[in-house]
Amino acid sequence: MLRRISLSLLSMSLGVTLFAADGKTLFEQKCAGCHMTTRPTPEQRSQMVAPPAMGVMFHVKQKYSDKASAIAFITEYALHPSKDKALCPSIRRFGLMPSQKGAVTKEELHAIASYMFDTFPPAGFKHRRGMRGMGMRED
Ligand code: HEC
């Protein structure tokens with residue numbers, strides 16, 4: 001009995017680990033080409049084609065602070081982006097994100113969005129005025 005419980009606990013934690021790793025890998029494959037995962041240097045800043053992941057999640061979490069609704073928003077947005085739904089002011093610099101329909105499935109997006117929520121912005125992140133140059137200023 002005890003052995004059965006510890007076995008199922010083991011497979012549960014393995015499952016959780018695999019799921020989390022999956023979201024990270026999928027994000028790197030399908031999103032990080034546009035959304036960088038680190039804070040941009042001034043040089044990178046001028047070459048960016050989209051807001052960094054930390055900026056995206058800063059804005060998403062301001063509106064959707066609970067994980068489930070943040071995941072729902074990200075999944076929906078990646079498949080059907082629109083100006084009305086956009087939370088990032090940087091849309092004015094970068095233009096609307098192209099729909100990722102066909103490049104990523106809903107299930108993959110769930111894993112990706114869960115990873116994004118857990119990872120960004122990193123601890124100690126400050127939304128500075130200096131981010132104006134990143135197109136991340138709010139007004
Ligand atoms: C071809 C470049 C490109 C790729 C690939 C891309 N994005 Fe984006 N994304 C953008 C741009 C540009 C914006 C900023 C404009 C906007 O908000 O639509 C953006 C904004 C976003 C936002 C914020 C939307 C808001 O509220 O303003 C989310 C969430 C997002 N992307 C998720 C993703 C996910 C998840 C993936 C991978 C499946 C992905 N993006 C792949 C270009 C891209």
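One is the number of the first residue; the rest follow in order along the sequence. Quantities reported herein were computed from a predicted structural model and do not represent experimental measurements.
Under the 3.5 Å distance criterion, the side-chain polar atoms of Ser114 are left unmatched by any main-chain donor or acceptor of His110. Judged by distance alone, the side chain of Ser46 and the main-chain N or O of Glu43 form a donor-acceptor pair under 3.5 Å. A donor-acceptor pair under 3.5 Å links the side-chain atoms of Lys30 to the main chain of Ala103, judged by distance alone. Of the possible polar contacts, none joining the Thr119 side chain to the Met116 backbone as a donor-acceptor pair under 3.5 Å is found. At least one donor-acceptor pair closer than 3.5 Å links the side chain of Lys61 to the backbone N or O of Phe120. Gln44 contributes no side-chain N or O that, together with a main-chain N or O of Pro42, makes up a donor-acceptor pair within less than 3.5 Å.
Note on ring orientation: taking the six-membered ring where Trp is involved, the planes of His59 and His127 are perpendicular (angle over 60°, cut-offs 30° and 60°). Using a 30° and 60° split on the angle between ring planes, Phe73 and Tyr64 fall in the parallel class, below 30°.
For the pair Ile91/Cys88, no side-chain contact is recorded, criterion being any heavy-atom separation below 4.5 Å from C-beta on. Counting heavy atoms from C-beta outward, Met36 and Arg39 have side chains that stay 4.5 Å or more apart. The side-chain heavy atoms of His80 and Ser99, taken from C-beta on, include no pair separated by under 4.5 Å. When side chains are defined from C-beta on, Ile112 does not count as touching Ile74, because their heavy atoms never get closer than 4.5 Å. Under the 4.5 Å side-chain criterion, counting only non-hydrogen atoms from C-beta, Met57 is not in contact with Phe125.
Side-chain contact check for Lys106 and Thr75: no donor-acceptor pair (N or O, by modelled atom type) lies under 3.5 Å. Asp22 and Thr25 form no side-chain donor-acceptor contact under 3.5 Å, judged by distance and modelled atom types alone.
Minimum interatomic distance between Cys34 and Ala50 (heavy atoms only, all atoms of both residues): O-CB, 3.4 Å. Here the shortest heavy-atom pairing between Val60 and Leu87 reads CA-CD1, 3.8 Å. Between Ala111 and Leu26 the shortest heavy-atom distance is CB-CD1, 4.3 Å.
Note: Met54 CE to Thr38 OG1 = 6.5 Å, rounded to the nearest 0.5 Å. Rounded to the nearest 0.5 Å, atoms CZ (Phe117) and OG (Ser69) are 7.5 Å apart. Taking CZ from Phe58 and NZ from Lys126, the interatomic distance works out to 12.0 Å, rounded to the nearest 0.5 Å. Rounding to the nearest 0.5 Å places NE2 of His35 at 11.0 Å from CE of Met48. Remark: Met97 CE to Ser82 OG distance equals 11.5 Å, nearest 0.5 Å. Leu96 CG to Lys85 NZ: the interatomic distance, rounded to the nearest 0.5 Å, is 9.0 Å.
At most 12 non-hydrogen atoms from other residues, nucleotides or ligands lie less than 6.0 angstrom from NZ of Lys101.
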